[in-house]
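Each chain gets a letter, A, B and so on, in the order its sequence line appears, and its residues count up from 1.
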There are 2 protein chains.
Amino acid sequence: MQPDQRRAKRLPRAVRERQIMDAAVDVFSRLGFHAASMDEISEVAGISKPMLYAYLGSKEELFATCIRREATRMMEAISGGIEPDQTPDVQLWSGLRAFFGFVGENRASWQVLHRQASTQGGPFAIELTDMRGRAVALVAALLAQSTKAAPSTQLEAESLAAALVGAGESLADWWLDHPDEPAGVVAARLMNLVWMGFGDLVDGNIWHPPSRRPGAQ
Amino acid sequence: MQPDQRRAKRLPRAVRERQIMDAAVDVFSRLGFHAASMDEISEVAGISKPMLYAYLGSKEELFATCIRREATRMMEAISGGIEPDQTPDVQLWSGLRAFFGFVGENRASWQVLHRQASTQGGPFAIELTDMRGRAVALVAALLAQSTKAAPSTQLEAESLAAALVGAGESLADWWLDHPDEPAGVVAARLMNLVWMGFGDLVDGNIWHPPSRRPGAQ
DNA sequence: TCCTGTACCTACTCACGAGTAAGACTACTG
DNA sequence: CAGTAGTCTTACTCGTGAGTAGGTACAGGA
């Protein structure tokens, strides 16, 4: 109880809100929505519970706000990583790298986004579905570029995009349990799987970026 | 309160246990582990709470038992669907069909297995990891058959198997939100994606089973 | 120096849910 | 019909966690 035990007193609202959001993402990602308590979030954030309610509203509002913030951060990271005037395979490659790069550096964000939000019903799933919809649209547009030739592509591209996004999601989940692998390796693995297919891979044909540096990552 | 409001009175223990398990899978799949209450499970099962505790133990024990039962059912469905003396691609195809067939007919089981169990820590994740490990081993063995030719296959096959299993898991999740698609179509889509790859698909090369009936499903 | 607003707290209320105590009802066995 | 084993219930205890009441402390302006 020394007077010097400064808890960074009397900060402006915007700063506190960021601290609270960071704490909330941390706690939600570790415990899940239901098991997380507002008491613990306020403790991690270094403030008291009434502040939390005054600034961010109820537990549900806080969770929804977390999802929106992290979803926005991630989609910006991905679309920022794509170079639009490259060939489709290179665009896909850079998108995958951006995605796994983001997940690698923001594991808590990914936890709260994918594993938590998708298991809670109600408004949360809506936010999530919205983000996934944007990701699928991004990939579908990219695939549609590749398939100008083929005939019945519009719907087919979209469902394949959904499968690819799903594969990315679950490979990211798998990666959470195998954190030793570098991001580039995981991304390259998925790239090869979806671009070449096992049928080619067993013949030794692998995909690689158009030679800047031979090694991955 | 008519005396005729028979709640199927005084059944033997084994029958009650099955009813309770079914109710538990239903409630857990709808609400998740934490939000599900033992009161609701007992109500759905048509018995009172103390019976539930007497027969299946605590909430955590009940949940773990659910996971074990559903995981076993699913793995049996899959390995029962594979014909071991076929070529690797056909084996993979029949495995995928068995998997999506099971999920389609047991949506609640899949919910509780994948979406719920994977987000809860502790003993549940262990059960789940165990099941996934068996699935990955199954697929990895299958892939290893295909790649006798290639050199550095042992570890590579295993990680590709993990990616494939992950892709299947998340495609099944996606399917939960698009229940109108038939199981065979979803399975065929994943089969094409992982066996042919986009690189072939954009050229119009699709994989199909070695002609019994031309149409899928 | 008083005044007002914003940051911030302690200490509650209240509902809900896990788990239990204690016994009642039924069926079978002798 | 008494006894016993197993089925089943009502009616609790008790902890935990969401949300709030009612304040204190500090900062800046008059």
**Q.** Pairwise distance CD(A:Glu17) to CG(A:Leu62) - rounded to 0.5 angstrom
**A.** 10.5 Å
Q) Taking atom CZ of B:Phe63 and atom CD1 of B:Ile67, what is their separation to the nearest 0.5 Å? A)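 Rounded to the nearest 0.5 Å, the CZ-CD1 separation comes to 4.0 Å.
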Q) Should A:Arg16 be listed as having a side-chain N or O under 4.0 Å from OP1 or OP2 of C:dT6? A) no
Q.
Quick check on C:dC8: is either OP1 or OP2 less than 4.0 Å from any side-chain nitrogen or oxygen of A:Arg13?
A.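 No, no such contact exists.
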Q. Does a side chain donor of either B:Glu70 or B:Ser109 reach within less than 3.5 Å of an acceptor in the other side chain?
A. yes
Q: Go along nucleotides 18-28 of chain D 5' to 3' and tag each nucleotide: B for a protein heavy atom under 4.0 Å from its base, S when only backbone or sugar atoms are that close, - otherwise.
A: BBBB---BB--
Euclidean distance, atom [atom1] of residue [X] to atom [atom2] of [N] [Å, nearest integer]:
X       : N      : atom1 : atom2 : answer
B:Met51 : D:dT10 : CE    : P     : 13 Å
A:Ile47 : C:dT6  : CD1   : C1'   : 14 Å
B:Glu40 : C:dG17 : CD    : P     : 9 Å
A:Leu52 : D:dG17 : CG    : C1'   : 13 Å
B:Leu56 : C:dA18 : CG    : P     : 14 Å
B:Leu11 : C:dC25 : CG    : P     : 19 Å

Q) Which heavy-atom pair separates A:Tyr53 from A:Ser58 by the least distance, and what is that distance? A)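 Distance-wise, the nearest heavy atoms are CE2-CA, 4.0 Å.
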Q. Between the two ends of the helix from C:dT1-D:dA30 to C:dG30-D:dC1, what is the bend in degrees, rounded to 10 degrees, where each end axis spans five pairs?
A. 10°
Q) Sequence neighbours excluded, which residues qualify as salt bridge (charged side-chain N to carboxylate O under 4.0 Å, His left out) partners of A:Arg18? A)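 Not a single residue meets the salt bridge (charged side-chain N to carboxylate O under 4.0 Å, His left out) criterion with A:Arg18.
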Q. Got a salt bridge between A:Glu127 and A:Arg69, using NZ or NE/NH1/NH2 to carboxylate O under 4.0 Å?
A.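 A salt bridge is absent here (no side-chain N lies under 4.0 Å from a carboxylate O).
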Q) Heavy-atom distance under 4.5 Å between the side chains of B:Gln116 and B:Phe124, does that happen here? A)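 When only atoms from C-beta onward are counted, B:Phe124 and B:Gln116 do not touch, as no gap falls below 4.5 Å.
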Q. For the ring pair B:Trp110 and B:Phe100, is the centre-to-centre distance below 6.0 Å?
A. no
Q | Any donor-acceptor N/O pair, A:Asp130 side chain to A:Ile126 backbone, under 3.5 Å | A | no
